[in-house]
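A short worksheet on the structure shown next.
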Amino acid sequence: MSKVFQQYQGGSNKVFPGDKVKEIHEASVHLMEKVGVKVHNPRARQIFADHGAQVDHGEAIVKIPRSMLEDAVAAAPSRVLLCGREEKNDLVLEGTNTYLGTGGTVLYTLDLDTGERRPTEVRDVAGYAKMTDALENVAFFVINCYPQDVATEDVDVNRFYHSFANTSKHVMGGIYTMEGLKDVIRLSEEIAGGKANLLARPFVSFITLIMSPLVMEVTYTDFLMEIVRYGLPLTTPAEPLAGATAPVTLAGTVTINNVESLAGLVLAQLIRKGHPTLYGTTSSIMDMVTGTYMAGAIESALINAGCAQMAQYYEIPIYATGGMSDSKIPDCQAGYESAATAMIVALAGANYIHDAFGLLEFCTTLSYEKMVIDNEIVGMALRAVRGIEVNEETIAADIIAEVGPGGNFLAHRHTAGHVRKEFFFPRVADRQMRRDWEASGSADTAARAKVMAEEILREHRPLGFAEDLEALLRKNYAGIK
Amino acid sequence: MIQEIYTKVLAGESDGVRSAVQKALDEGIKPSKIINDALIKAMDEVGARMKSGEMYVPEVLIAAEAMKAGLGLVKPLLEGEAYAVGKVVIGTVAGDLHDIGKNLVTMLLESSGFEVIDLGVDASAEVFLEAAGKHKPQIVGLSALLTTTMASMEATVKALREKAPGIKTMIGGAPVSQQFADEIGAGGYAPDGASAVDLAKKLIQ
Amino acid sequence: MNYGRYSSCYRPLSTNDIEAIHKASMLILGKTGFIVDNRRALELFAGHGAGVDFEKKIVRVEEEWAMKYLKKAPARIILYGREEKHNLVVEADRTFFGTGGTALNIYDRQTGQRRPSLLSDLAEIAALIDALDHIHWYCLPVYPTELEKEDVDINRYYSAIKNTSKHIMGGIYGGHHGARDLIRLAQTIAGGAEELKKRPLISVICCTISPLKLESRYVDFIFDLVEAGIPIATPCAPIAGATSPVTLAGTLAQINAEAIFGILLSQVIREGAPAMYSVVPTTANMKTMEFLFGAVENGIMNAACAQMAAYYKLPLYSTGGVTESKVFDVQNGYEKCLNNLLPGAAGAQLIHNAAGQIDSSMAVAYEQYVLDNEILGAIDRVLQGIEVTPETLAAGMIDEVGPGGHFLAQEHTLKHMHRELYMPPTAVRRNYSAWDKGGRKNMIDYAREEMERVFSGHRPLPLPEGLEEELKSQFPNLIV
């Protein structure tokens, strides 16, 4: 591969010591063998049974033996390639390679003009895809909103069509109907120029959920099986909430998440050995005051970092979560919650961190301004992940001697030569002295971000489709808006 | 003794509530007084503290368990006196498999003295109607987490309005709003667990 | 005693990197040397066998000599407060967060308007942070602009000591006279010179100048403070690209030499004197060449300094989150968060400037302390990590609850929730409808409410009776 998307190596953050990884693994095996997973889908249950799992069809319980888990973990690839429609956007998921991207799926967005919350529409799928395409730190587009202005049966094809049309970065998404899934796969084939091309360079992948605690239900599991049989990459995330659908202790939550996500992965590997399956987590906590799911809670970052350690132990790339906020507007709370959760999960070396751009309010509302701001927060986080390059040239002891005590480095060629690589240059943050800031109108960060978002939506030109391809797709899928 | 029962419920001590209730009964205090002045009153206070953020959800639920432990002793002694504040049939509408929100509301309603019949997840309009006919609740509560299931919420509310007009409906869940409740003609909308209890109380008045 | 929070989540330097920076710093100290603009100090260095060029006022020390004197410095310093729970044990990899300064402006807490800071602000901020759990010590944040220079020092420290029982740290502005008054004041409050040495309830910051320079005035302060047994921080604040190399590694090589040199001076004055490896690494705005406080590179360098201080086994004074923002906006939130999180996750010890400042440290704001306290609480939760034991794994309970169940009403949840889950005091966690109905209050609104609650309800531990009168009789210019 000649060009791929810029790579960063996380992995220095360990939220528990290495020997504890083994303990969580053993507790997980115990739960798989003794408690089991409730699999409501009879076809999936049969697959487990055919391969030797202990299945109680009456209770819908599948007990997964250690050997079955071990075989699946060995069979699952340690390196998953998620392509963009352009090679420069290819992502190599392995080890502690770290990428961050969008996530959802939300029903509302803050309107860019009015600032008020309104239902998301097809134009928002397109808008956020375009923003993804333009912002340099967004590595992929997990389709982040649900268009409320099209009929249910047209939702899937609209979500994916408008995503492909507006970004050449990798597109991943959930699906809502089986027909929709089949449409999306056909649509992708047409764009790729056939199934073989699509599988060789998969620029689309899917998410199918496992329900916490320990449940695989009918529809999502049907999607899972369909996707695996076809061969496109897949993640099977679980969303245990500490204190509600998982123990309040984070170790217990990581354990339950581990069992759930691996159960999905085992099923995928039973159907097709070597299928590119990502370990997955969108785990967080329940707020003890309101009883609702929290997205920006700091514990969410710790659980995700813990899951990254587990995925690294199994040598399976991980789909994780970071960078969200529960604030209703892009304010101080949004800044710190997004920064803390993105930073911690990135430092843990999670490979594919979704939900990191534009999300507010428990992942139920998007904001164009926030997406621009998050592009900057993630840029800073990745700068920290990159760390410090230490060599003779960067230490520059000879230059310090040359400048001498009491001197300055301003005009030295060493400064001009290294500054662009050493410093992160923010575009949204204000760095002016107070008098200049006041003179330029005293705008806050959200106001500055708004201007930038408007500019991107107005001026950015994504790869898009050739005219004849667009005509063909619109002809084949009448539901496309 | 009434005060002691009240305090032990607040502290979530099931054993303590049981022994205090037993003592109260031995002293000849009327069961309905124990229920109304100690058990239900304590849970009203719990509800208020939850709303103000002084008590956390698990503490509320443990208090509810203690209340139920006391109620278990008193209930058989009631002679035809109604003890429940009201009756609610609750469920997650067809197509939706998320139920933690509904479970929480169920427990909070129960802890405020409501009798709750839980229909579980993925319940169709027919299932709701059947339960409404069988249990004769004052309220039917509907929950949804996915937008795609808002349509089945609307259908269920409509069916209930037509076929069981005496029953009030209340809705909740991430995608719904007061505006949506008004649009589909639901009796009320609650943004979270604590306000669901308030709403239910208001609806039965 | 507070032993701080342990963490080693973030390690921007490898072991080889640490060695390379050490070697480069030793080269700088041995070859380039340090300007020491103070005759008494130059003679002292010469007397201890360091290379001194009296004409150019340059001190050069070889690695062996430097390491010998560095080893004499204590690896652990205890900073005392007026209450036992506020005594901070400062040693490698243990993190504390403190305030910082020194700003000349403050956002008025009634009007919100920016105005010159006053002595009363020092007292009120002290009372505020006394009640904020995640701010561990009080680094004097503002300069009382209404006072004469000679009255500033004792009044700054006294107004702080009176209003918080947490440890007090600050600079000196009233020259030699100010320093000596301050020492006497501290001795009187401690109950004598020996008592102060045993339980230093203040520590003092004496700046060095980057690159590689010690000013005469500060060296004089250091002599007096070291003799009085008061712990000192000798921070240097190189600006990468302006007063140090633009490469972070180069700035680290220089700052390491500067931090070490401050400690060497303290050890030639008195072996075993409590001195901190002190750093304020910053970067320059490449458009204006003004220094930056909120840049992410600052956090990265502070994290690296934590590794260097741990390598030498020295207590560390480092620098945390300041923002360039002028308002309580999203930039404010993320700059503060990242620049406190990175050193904290690297096990940096005393992280000053972690709370209160805004506008590149040109001002402080009351509500900012409450906002920052919350961010620091979240960071503290990160540093705790995930505890893995049979009890926290809870496999038995998961078995009991079973697939499809829930954990809301479990004893286990009740028992562990306070330890496992951080409950942020001001973040908005209500949903949209509740937020909308409740008047759309955001974090800053809750922070202001929290601040008012502290001011109306919290009373710091009073000073012993009679102390104020005694001090007043000794220091006629003390404002009480």
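These values consider heavy atoms only, across backbone and side chains, with no hydrogens, waters or symmetry-generated copies. The shown structure was predicted, so the numbers you read here are calculated from the model rather than taken from an experiment.
Contact count against chain A (heavy-atom pairs under 4.5 Å) is highest for C:Ala427 among C:Ala427, C:Ala395, C:Ala24, C:Gly385. Of the residues considered (C:Phe328, C:Trp435, C:Phe293), C:Trp435 shows the highest number of contacts with chain A, using heavy-atom pairs under 4.5 Å. For the options C:Gly241, C:Gly405, C:Ala447, heavy-atom pairs under 4.5 Å to chain A are most numerous at C:Gly241.
Only the side chain of C:Leu27 comes within contact range of chain A, with at least one heavy atom under 4.5 Å from a heavy atom of that chain. For chain C, no part of A:Ser338 is nearby; none of its heavy atoms comes within less than 4.5 Å. Proximity to chain A (any heavy atom under 4.5 Å) is shown, for C:Ile239, by neither the backbone nor the side chain. Interface remark: A:Glu23 contributes backbone and side-chain atoms alike to the contact with chain C (heavy atom separation under 4.5 Å). A:Met288 touches chain C through its side chain: at least one heavy atom from C-beta onward sits under 4.5 Å away, while N, CA, C and O do not. Using a 4.5 Å cut-off between heavy atoms, C:Ile28 touches chain A through its side chain atoms alone. The contact between C:Thr392 and chain A is made by backbone and side chain atoms together, counting heavy-atom distances below 4.5 Å. For C:Ala257, no part lies under 4.5 angstrom from a heavy atom of chain A. If you measure heavy-atom distances from C:Leu408 to chain A, the contacts under 4.5 Å come from both the backbone and the side chain. Interface residue A:Glu376: only side-chain heavy atoms are found under 4.5 Å from chain C. Heavy atoms closer than 4.5 Å to chain A are found in both the backbone and the side chain of C:Asp399. For C:Leu341, the part sitting under 4.5 Å from any heavy atom of chain A is the side chain, from C-beta outward, and nothing else. Heavy-atom distances place the side chain of A:Arg448, and not its backbone, under 4.5 Å from chain C. Proximity to chain C (any heavy atom under 4.5 Å) is shown, for A:Ile388, by both the backbone and the side chain. In this structure, the portion of A:Ile303 lying under 4.5 Å from any heavy atom of chain C is its backbone and not its side chain. Neither the backbone nor the side chain of A:Tyr108 comes within contact range of chain C; no heavy atoms are under 4.5 Å apart. Neither the backbone nor the side chain of C:Ala345 comes within less than 4.5 Å of any heavy atom in chain A. Looking at A:Val254, the atoms closer than 4.5 Å to chain C (heavy atoms on both sides) all sit in the side chain, from C-beta outward. With a threshold of 4.5 angstrom between heavy atoms, A:His414 approaches chain C through its backbone and through its side chain. Heavy atoms of C:Met362 lying under 4.5 Å from chain A are absent altogether. With a threshold of 4.5 angstrom between heavy atoms, C:Pro238 does not approach chain A through any atom at all. Residue contact with chain A, scored on non-hydrogen atoms closer than 4.5 Å, involves the backbone and the side chain of C:Ile386 alike. Only the side chain of C:Met397 comes within contact range of chain A, with at least one heavy atom under 4.5 Å from a heavy atom of that chain. Both the backbone and the side chain of A:Ala297 have a heavy atom closer than 4.5 Å to some heavy atom of chain C. With a 4.5 Å cut-off on non-hydrogen atoms, A:Lys38 touches chain C through its backbone and its side chain both. Using a 4.5 Å cut-off between heavy atoms, A:Phe423 contacts chain C through both its backbone and its side chain. A:Leu302 touches chain C through backbone and side chain together, each having a heavy atom under 4.5 Å away.
The 12-atom threshold is not exceeded at NZ of C:Lys213, counting heavy atoms of other residues, nucleotides or ligands nearer than 6.0 Å. Within a 6.0 Å sphere centred on CD of A:Glu59, other residues, nucleotides and ligands contribute 12 heavy atoms or fewer. Dense packing is recorded around CD of A:Glu402, with more than 12 heavy atoms of other residues, nucleotides or ligands lying under 6.0 Å away. Atom CZ of C:Arg419 is surrounded by 12 or fewer heavy atoms from other residues, nucleotides or ligands within 6.0 Å. The environment of C:Lys57 atom NZ is sparse: at most 12 non-hydrogen atoms of other residues, nucleotides or ligands sit within 6.0 angstrom.
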Intermediate values then yes/no, side chain to side chain contact (heavy atoms under 4.5 Å, CB included), A:Ile373 and C:Tyr334: CA-CA 10 Å; A:Ile373 293 162; C:Tyr334 74 73; 3.9 Å; yes
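Remark: side-chain polar atoms of C:Glu387 are not paired, donor with acceptor, to backbone N or O of A:Ala251 under 3.5 angstrom. C:Lys326 places no side-chain N or O within donor-acceptor distance of the main-chain N or O of A:Glu438, the cut-off being under 3.5 Å. At distances below 3.5 Å, not a single donor-acceptor pair connects side-chain atoms of A:Lys421 with backbone N or O atoms of C:Thr247. C:Tyr10 places a side-chain N or O within 3.5 Å of a backbone atom of A:Ala384 that can act as its donor or acceptor partner. Side chain of A:Ser12 to backbone of C:Cys9: a donor-acceptor contact under 3.5 angstrom is found. Using modelled atom types, one side-chain atom of C:Glu420 and one backbone atom of A:Leu250 make a donor-acceptor pair closer than 3.5 Å. With A:Glu389 contributing its side chain and C:Ala249 its backbone, the two residues share no donor-acceptor pair below 3.5 Å. Distance alone, capped at 3.5 Å, places no donor-acceptor pair between the C:Asn332 side chain and the A:Cys332 backbone.
Of the inter-residue distances, the one linking C:Tyr432 atom OH with A:Thr364 atom OG1 reads 10.0 Å to the nearest 0.5 angstrom. In this structure, the separation between CD1 on A:Ile298 and OH on C:Tyr422 is 9.5 Å, given to the nearest 0.5 Å. Atoms CG and CG, on C:Asp17 and A:Asn391 in that order, are 9.0 Å from each other to the nearest 0.5 Å. In this structure, A:Arg434 CZ and C:Asn105 CG are separated by 8.0 Å, a value rounded to the nearest 0.5 Å. Separation of atoms CG (A:Asp430) and CD (C:Gln331) is listed at 6.0 Å; rounding is to 0.5 Å. Annotation: the span from A:Tyr336 atom OH to C:Ile379 atom CD1 amounts to 9.5 Å, rounded to 0.5 Å.
The heavy-atom pair separating A:Glu361 from C:Asn431 by the smallest distance is OE2-C, 4.5 Å. In this structure, C:Val428 and A:Gln333 approach most closely via the heavy-atom pair N-OE1, 2.7 Å. Between C:Ala253 and A:Ile395, the shortest heavy-atom distance links the atoms CB-CG2, 3.8 Å. Looking at every heavy atom in both residues, C:Leu421 comes nearest to A:Met286 through CD1-O, 4.1 Å. Residue A:Ala246 comes nearest to C:Phe407 through the heavy atom pair N-CD1, 3.2 Å, listed as atom of the first residue, atom of the second, then distance. The shortest non-hydrogen separation linking C:Pro403 to A:Val35 is CD-CG1, 3.8 Å.
Note on A:Glu337 versus C:Arg429: no salt bridge recorded, every NZ/NE/NH1/NH2 to OD/OE distance being 4.0 Å or above.
Take C:Glu367 and apply the salt bridge (charged side-chain N to carboxylate O under 4.0 Å, His left out) test, not counting sequence neighbours, and it matches C:Arg448.
Looking at A:Ile329 and C:Asn442, their side chains come closer than 4.5 Å, going by heavy atoms from C-beta outward.
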